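Note that the structure is a prediction, hence the values are computed from the model and not measured. Every chain is numbered from 1, with letters handed out A, B, ... down the list of sequences.
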Amino acid sequence: MKKHPFTNKLLQWHKTIDRELPWKSTSDPYKIWISEIVLQQTRVSQGTSYYLKLIKNYPTVQDLANSSEDELFSHWQGLGYYSRARNLHKAAKIIATEYNGTFPKLYSQILQLPGIGPYTAAAISSFAYNLPHAVVDGNVYRVLSRYFDSHEPIDTSTGKKKYQQIADQLIDRDKAALYNQAIMDFGALICTPSQPHCDTCPMQYDCKALAEATAHMLPVKTRKIKRKTRKFVFFVIQNGDAVIIEKRQNNDIWKALYQFPMLESTSTITEESIIKLMLPRVMNIKHFNIRSYNSHQQKLTHQDIFAHIIHLTTTEQITDHTFTPINKLAYYAFPKVLQQWIETHLLSSQKVIN
DNA sequence: AAATCGGGGAT
DNA sequence: ATCCCAGATTT
């Protein structure tokens with residue numbers, strides 16, 4: 001079957017580059033899987049250390065399946081999109097039990113695992129087994145929309161279908177792993193989001209976006225993100241060397257991570273309102289000292305979070321709440337803003353206070 | 001179909 | 001400030 005000029009030039013170009021990444025030197029589907037989950041919506045530079053940490057702590061799928069969700073979360077802490085970790089753990093248990101610890105080899109089986117969608121199933125299938133499934137990630141959307149000057153939006157279901165179809169036609173079915181690796185490397189190194197390297201691009205005579213000077217506006221997205229503001233008040237209740245922590249349960253941001261007792265407020269927040277109005281709603285505590293009060297702002301993709309953290313010390317025993325020694329907090333995963341507060345206020349400064 | 005899920009780095 | 005990242009799941 002005759003290959004598209006795009007495919008030929010892509011594979012030719014790929015021979016000339018050298019982009020070594022830790023997960024490229026293996027064909028172990030388990031390690032490839034870990035890398036793909038870590039890298040979902042995550043830059044290589046941000047995810048690499050997490051990948052290495054996970055592989056070190058969980059060398060096999062059995063190790064991952066035998067661990068606890070909390071322990072996995074402690075390694076995932078700070079990376080974001082924590083449902084990835086929950087689904088990773090779920091899938092590991094499925095592989096351990098239903099597949100007897102052997103990673104499934106069929107695309108259809110892989111696709112059914114929690115946390116694995118079309119992209120990740122194609123990535124594992126091709127990189128581990130060389131199966132002819134084309135990956136379509138952010139790189140691929142950008143490269144294909146530009147090469148064909150396609151203004152079809154990438155964030156609609158019809159658009160996604162069309163780009164997947166094009167990708168499935170372009171893939172070299174005999175060199176699936178090589179081709180998929182090449183097109184993502186190409187998007188990362190040459191056909192970059194801003195200021196693509198068209199002057200050295202091997203496709204510069206074929207690329208329609210370059211001919212039409214439309215590369216900078218591609219790919220097209222229809223929806224624009226709107227960010228909502230939220231105000232959280234966290235109460236750090238310390239008795240001796242222990243603080244109260246709890247697990248976030250709701251289907252909300254930071255689900256299954258740990259936090260301090262808190263409430264969300266829509267009104268103006270002052271230190272006085274925290275003590276007089278909010279604290280009684282969180283717990284019944286009579287005698288306490290205020291050690292510190294800090295505010296932090298954290299801008300996320302969909303939320304602008306103002307975190308107010310008040311640190312109280314008390315000698316009261318508070319029922320229905322779990323006190324955890326400060327030197328055990330490392331075993332629990334906290335949202336980034338709380339993790340940083342813990343480091344500066346509970347861990348590093350503790351010796352200075354005492 | 002649209003909203004949601006984190007955090008970081010480049011522009 | 002806005003965009004984007006080796007996307008998937010829930011609403």
Side-chain angles (χ1 to χ4, degrees), chain A residues 19 21-24 32-51 73 76-88 90-91 110-124 126-127 133-143 153-161 163-164 167 177 180-189 191-196 216-228 230 248 250-257 296-305 307 333-340:
Chain A
R19 193 186 183 210
L21 296 171
W23 45 88
K24 279 190 178 179
I32 293 168
W33 171 47
I34 299 291
S35 75
E36 295 301 340
I37 302 298
V38 164
L39 293 172
Q40 284 171 3
Q41 289 295 287
T42 303
R43 292 173 188 282
V44 167
S45 57
Q46 185 187 5
T48 300
S49 66
Y50 284 86
Y51 165 78
F73 264 61
W76 202 275
Q77 174 175 241
L79 190 56
Y81 281 176
Y82 298 93
S83 67
R84 291 183 290 175
R86 269 185 291 122
N87 286 327
L88 198 68
K90 273 191 211 169
I110 297 171
L111 185 59
Q112 281 183 351
L113 293 169
I116 295 185
Y119 163 78
T120 305
I124 298 172
S126 61
F127 296 147
H133 296 273
V135 294
V136 180
D137 73 333
N139 291 302
V140 176
Y141 281 125
R142 189 171 57 254
V143 169
I154 65 170
D155 57 353
T156 64
S157 48
T158 59
K160 286 174 182 166
K161 264 183 206 164
Y163 285 102
Q164 182 70 58
N180 279 338
Q181 194 57 66
I183 194 170
M184 288 195 287
D185 285 336
F186 181 73
L189 299 177
C191 200
T192 48
S194 67
Q195 295 185 322
H216 64 284
M217 60 178 78
L218 294 174
V220 171
K221 286 186 180 178
T222 58
R223 91 175 213 288
K224 47 181 179 258
I225 55 157
K226 50 174 184 278
R227 195 153 39 197
K228 55 182 173 187
R230 301 180 72 179
R248 287 180 70 87
N250 297 340
N251 248 6
D252 192 4
I253 191 170
W254 302 325
K255 179 181 179 182
L257 269 66
H296 306 269
Q297 183 180 4
Q298 189 179 19
K299 281 188 181 301
L300 304 174
T301 302
H302 291 90
Q303 301 189 25
D304 194 2
I305 294 175
F334 289 84
K336 191 74 175 180
V337 63
L338 295 183
Q339 176 195 342
Q340 287 178 334

Report which part of the nucleic acid [X] touches: base, sugar-phosphate, or nothing (heavy-atom distance under 4.0 Å, all strands).
{"X": "A:Asp252", "answer": "sugar-phosphate"}
{"X": "A:Gly47", "answer": "nothing"}
{"X": "A:Lys226", "answer": "sugar-phosphate"}

So how far is it from A:Met184 CE to A:Leu21 CG, rounded to the nearest 0.5 Å?
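The distance works out to 10.0 Å.
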Non-hydrogen atoms of A:Val135 and A:Ile183 that approach each other most closely:
CG2-CG2, 4.4 Å
Measure the distance from [atom1] on [X] to [atom2] on [N] and round it to the nearest whole Å.
{"X": "A:Trp254", "N": "B:dT4", "atom1": "CH2", "atom2": "P", "result": "16 Å"}
{"X": "A:Asp304", "N": "C:dA1", "atom1": "CG", "atom2": "C1'", "result": "11 Å"}
{"X": "A:Leu88", "N": "B:dC5", "atom1": "CG", "atom2": "C1'", "result": "16 Å"}
{"X": "A:His296", "N": "B:dG7", "atom1": "NE2", "atom2": "P", "result": "14 Å"}
{"X": "A:Lys299", "N": "B:dG7", "atom1": "NZ", "atom2": "P", "result": "15 Å"}
{"X": "A:Gln195", "N": "C:dC3", "atom1": "CD", "atom2": "P", "result": "17 Å"}

Any residue meeting side chain to side chain contact (heavy atoms under 4.5 Å, CB included) with A:Lys160, in chain and number order, not counting sequence neighbours:
A:Tyr141
[N] and [M]: how far apart are their [atom1] atoms, nearest whole angstrom?
{"N": "B:dG6", "M": "C:dT11", "atom1": "P", "result": "14 Å"}
{"N": "C:dA6", "M": "B:dT4", "atom1": "P", "result": "24 Å"}
{"N": "C:dT9", "M": "B:dG8", "atom1": "C1'", "result": "23 Å"}

Determine whether more than 12 heavy atoms belonging to other residues, nucleotides or ligands lie under 6.0 Å from atom NZ of A:Lys161.
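It does not: A:Lys161 NZ has 12 such atoms or fewer within range.
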Heavy-atom neighbours of A:Gln297 CD exceed 12 at 6.0 Å:
yes
Quick one: is [N] close enough that its OP1 or OP2 comes under 4.0 Å of any side-chain N or O from [X]?
{"X": "A:Lys228", "N": "B:dT4", "result": "yes"}
{"X": "A:Trp76", "N": "B:dG6", "result": "no"}
{"X": "A:Gln303", "N": "B:dG6", "result": "no"}

Treating primed atoms plus P, OP1 and OP2 as sugar-phosphate and everything else as base, which nucleotides of nucleotides 4-11 of chain C get B, S or - for protein heavy atoms under 4.0 Å?
BBBBSSSS
With distance as the sole test, does A:Arg142 use its side chain to make a donor-acceptor pair with the main-chain N or O of A:Gly187 at under 3.5 Å?
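It does hold such a pair.
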Show me, pair by pair, the donor-acceptor contacts under 3.5 angstrom made by side chains of residues 35-42 of chain A, not counting sequence neighbours?
from	atom 1	to	atom 2	distance (Å)
A:Ser35	OG	A:Ile32	O	2.7
A:Glu36	OE1	A:Tyr119	OH	2.7
A:Gln40	NE2	A:Gly115	O	3.3
A:Gln40	NE2	A:Thr120	OG1	2.9
A:Thr42	OG1	A:Val38	O	3.3
A:Thr42	OG1	A:Gln40	O	2.9
A:Thr42	OG1	A:Arg84	NH1	3.1

